[in-house]
Novice: 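Just passing along the structure, written as structure tokens.
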4 protein chains.
Amino acid sequence: MSTKALPDPSRRSETARRAILTAALDLVAEVGYAKLSIEGIAKAAGVGKQTIYRWWPSKGVLLFDAFLGLAGDGDAAALSDTGDLAADLKLVLRATVEELNDPRFDLPMRALHTEIVHDPALAADYAKRLDEPMRELKKDRLRAAQRAGQLAEDVDLDVAVDLLFGPILNRWLQRTGPLTPEYAERVVDTALRGLRPREP
Amino acid sequence: MSTKALPDPSRRSETARRAILTAALDLVAEVGYAKLSIEGIAKAAGVGKQTIYRWWPSKGVLLFDAFLGLAGDGDAAALSDTGDLAADLKLVLRATVEELNDPRFDLPMRALHTEIVHDPALAADYAKRLDEPMRELKKDRLRAAQRAGQLAEDVDLDVAVDLLFGPILNRWLQRTGPLTPEYAERVVDTALRGLRPREP
Amino acid sequence: MSTKALPDPSRRSETARRAILTAALDLVAEVGYAKLSIEGIAKAAGVGKQTIYRWWPSKGVLLFDAFLGLAGDGDAAALSDTGDLAADLKLVLRATVEELNDPRFDLPMRALHTEIVHDPALAADYAKRLDEPMRELKKDRLRAAQRAGQLAEDVDLDVAVDLLFGPILNRWLQRTGPLTPEYAERVVDTALRGLRPREP
Amino acid sequence: MSTKALPDPSRRSETARRAILTAALDLVAEVGYAKLSIEGIAKAAGVGKQTIYRWWPSKGVLLFDAFLGLAGDGDAAALSDTGDLAADLKLVLRATVEELNDPRFDLPMRALHTEIVHDPALAADYAKRLDEPMRELKKDRLRAAQRAGQLAEDVDLDVAVDLLFGPILNRWLQRTGPLTPEYAERVVDTALRGLRPREP
DNA sequence: TTGTAACCGAGACGGTACGTCTTGTCTTAGA
DNA sequence: TCTAAGACAAGACGTACCGTCTCGGTTACAA
């Protein structure tokens with residue numbers, strides 16, 4: 001009973017789609033999120049504005065799609081498992097820190113997170129399509145550690161993942177301190193050992 | 001050598017200042033951050049636009065000031081110290097969760113965090129005027145716990161604070177899961193105990 | 001030397017042609033000329049836009065064709081000749097006035113005249129296919145009057161026609177005054193008698 | 001009780017006003033009425049679009065104002081009265097013909113007439129502010145002719161003016177024939193003498 | 001007591017971008 | 001092959017705000 005005529009995806013121009021996503025990423029990295037405009041993306045992509053409005057409901061969703069294309073390339077890999085949990089976690093957290101410090105990722109990811117903060121629907125989409133798959137990979141590694149006796153049996157794996165990655169993401173987004181590999185290692189060590197003193 | 005004539009703070013209209021801050025908070029809660037405009041704030045406050053531009057360099061800083069007034073009322077208190085570290089931490093984390101779930105705080109705080117994500121200068125200001133004072137209070141409580149033998153001596157207190165509050169803030173900002181008091185308690189328990197199994 | 005492949009008229013769909021012309025007239029009467037769009041005509045006629053662009057070079061020409069179909073139905077008749085020139089002229093001018101006051105003709109004719117004002121090619125087409133045939137009919141009646149001694153021998157018949165019809169058309173287009181049958185009669189009387197006083 | 005806040009004319013920028021009117025006339029002469037855009041006028045005038053929308057309700061009214069400025073310069077003069085009505089009328093009609101053939105006037109006047117044809121409110125404004133004052137001047141000359149016995153006492157002066165100027169305006173707008181000084185003279189002669197034969 | 005210098009409200013200004021609409025061209029499916 | 005349908009690049013539409021500027025009106029300190 002919808003009165004809005006939806007566009008026919010089978011007629012969609014793949015050329016235009018790609019040009020738009022590429023232009024969006026280029027522009028957000030170049031001028032920053034605040035100055036990113038649909039008008040600018042259309043011009044940079046050599047595309048009519050309507051072609052953007054036809055296929056994306058908002059700048060946030062467009063950016064998300066663009067970001068998916070960026071991240072989707074080499075992300076499917078499982079976390080490395082050398083048998084040494086601490087080392088493996090430090091490896092992945094250091095890699096995360098490096099990625100977040102790379103301007104190529106930093107600006108578009110900040111833009112995406114901004115949109116997520118204000119758009120619950122986008123947040124849900126993000127959680128389902130990006131966060132959850134990667135969270136599963138992390139939990140897989142933690143499960144293996146549990147089997148190997150390197151992780152407590154009764155730990156809530158979601159809380160564990162949050163404990164390891166939350167501090168890094170937070171420090172990145174809010175710049176409450178320098179985001180260094182050393183910080184990442186300290187987080188891993190502290191999270192694994194816990195805050196309480198060792199029993200004597 | 002400045003050519004810009006700075007305004008004279010002694011002549012500032014306190015009425016206008018308050019009207020602007022109040023209008024800013026009201027509006028951001030009403031129409032959301034994306035649709036918040038200086039023009040709208042000026043109109044709602046019954047104030048000329050120039051009066052806003054004269055005293056605040058950006059929408060973010062204005063919002064930050066407004067937020068300071070909101071938060072500053074009852075925040076100076078130290079964290080409670082009953083001698084039971086876990087209980088005290090759960091108390092403060094549950095209170096934080098409640099605050100973040102209160103729409104009165106949720107929307108303006110999201111707005112502020114958005115600005116922080118994109119404006120390093122504002123982030124520094126935020127870190128200095130809001131984050132650090134509160135972080136010191138938290139570290140005070142942790143230091144007391146160290147003295148009482150409830151916290152390992154060699155724990156980096158900043159990392160400890162991040163481990164406890166990072167997951168909550170993250171889940172709030174990115175909505176990667178429900179933000180409940182139970183989650184807060186699980187974070188405290190897990191952080192205190194650590195992820196590794198107990199030694200036999 | 002045209003590089004543009006012309007469509008083959010023998011394959012033209014008569015149904016589509018008629019639907020387009022009808023829709024054009026309906027729409028111009030309904031929404032006015034300014035808001036008349038090719039898009040709208042195509043939609044109203046149940047026709048693809050390309051079908052319009054294939055057969056008509058511009059909105060003006062399309063409108064002209066549509067108008068030709070409207071006017072062509074009952075227009076071939078000669079002007080009545082009762083022997084009384086003044087009465088016959090008043091009859092035809094009153095009929096013209098009535099037609100111009102009929103909304104069914106008023107709006108599309110205004111639209112057509114607008115296009116003519118700005119498009120010399122269309123004006124030439126109009127002059128040749130509509131104005132001249134009708135002007136000939138009028139001049140025929142005037143020639144008969146000359147033979148009957150009711151019109152001066154040396155009057156330029158084109159000027160005579162302009163003198164009779166120009167004021168009516170003008171008042172219609174520019175709305176410089178009410179367009180009534182009485183006005184038409186006064187024009188006829190004045191034109192016939194002339195502005196100069198009668199010789200004593 | 002109007003809810004629309006009207007702009008304050010006392011604060012209006014005369015510079016901007018003049019730049020807009022000049023740009024409008026320049027552009028309409030350059031690209032024609034159909035391709036005349038508010039956007040283009042704003043750009044050519046070095047003015048924000050809102051400055052145009054603030055002060056003019058439509059393109060037609062803007063054009064009319066621009067045209068008023070053009071025509072208003074040297075138009076207040078009465079028609080010459082040498083005592084020879086025919087000669088005086090031929091003079092003014094030849095001048096009119098020349099003006100209409102001057103591209104400097106032709107294009108903007110066509111644009112204005114187009115708008116008048118479709119906008120009754122604008123037509124009324126035009127009639128009152130341009131047509132009527134000039135019509136009065138013409139009627140003044142005709143009244144003088146009546147007093148001098150060169151014009152019939154019982155002629156309707158409005159009809160007389162229409163008889164003289166209607167054919168010229170018509171031929172100009174619709175290009176039904178060449179608009180020459182000779183044609184103007186023939187119109188004057190025919191209108192004065194009338195179409196009927198002289199009594200013997 | 002009166003300048004006079006600043007803030008105040010208001011809002012016009014030159015601009016940018018919005019999201020929608022129309023144009024004329026090009027592409028695809030189906031009869 | 002021609003049709004309808006409609007996606008496409010282009011760009012004007014009228015609106016909302018941007019940040020700057022100027023206008024009078026009103027304090028409040030200084031002469």
Novice: Indicate the atoms forming the closest heavy-atom contact of C/I52 with C/I41, along with that distance.
Specialist: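 Where C/I52 meets C/I41 most closely, the heavy atoms are CD1-CG2, 3.8 Å.
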Novice: Rounded to whole Å, how long is the line connecting atom CD1 of B/I41 with atom P of F/dA16?
Specialist: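 Distance, rounded to whole Å: 17 Å.
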Novice: Examine distances only and state if a side-chain atom of B/K59 and a backbone atom of B/L36 form a donor-acceptor pair shorter than 3.5 Å.
Specialist: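 Side chain of B/K59 to backbone of B/L36: a pair is present.
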Novice: Quick one: do C/K43 and C/E39 make a salt bridge, cutoff under 4.0 Å?
Specialist: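 Judged by the 4.0 Å cut-off on N to carboxylate O distance, C/K43 and C/E39 do not form a salt bridge.
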Novice: Counting primed atoms plus P, OP1 and OP2 as sugar-phosphate and everything else as base, spell out the protein contacts along nucleotides 12-21 of chain E at 4.0 Å heavy-atom distance: B, S or - for each nucleotide, 5' to 3'.
Specialist: BBBB-BBBBB
Novice: Measure across D/L62 and D/A24 and return the closest heavy-atom pair with its distance rounded to 0.1 Å.
Specialist: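 That closest heavy-atom pairing would be CG-CB, 4.4 Å.
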Novice: Considering residues at least two apart in sequence or located in another chain, which fulfil the ring pair (Phe, Tyr, Trp, His ring centres under 6.0 Å) criterion with D/F64?
Specialist: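 D/F64: no ring pair (Phe, Tyr, Trp, His ring centres under 6.0 Å) contacts found.
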Novice: Could you state the CZ-C1' distance from C/R17 to F/dC2, rounded to the nearest angstrom?
Specialist: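 It works out to 18 Å between those atoms.
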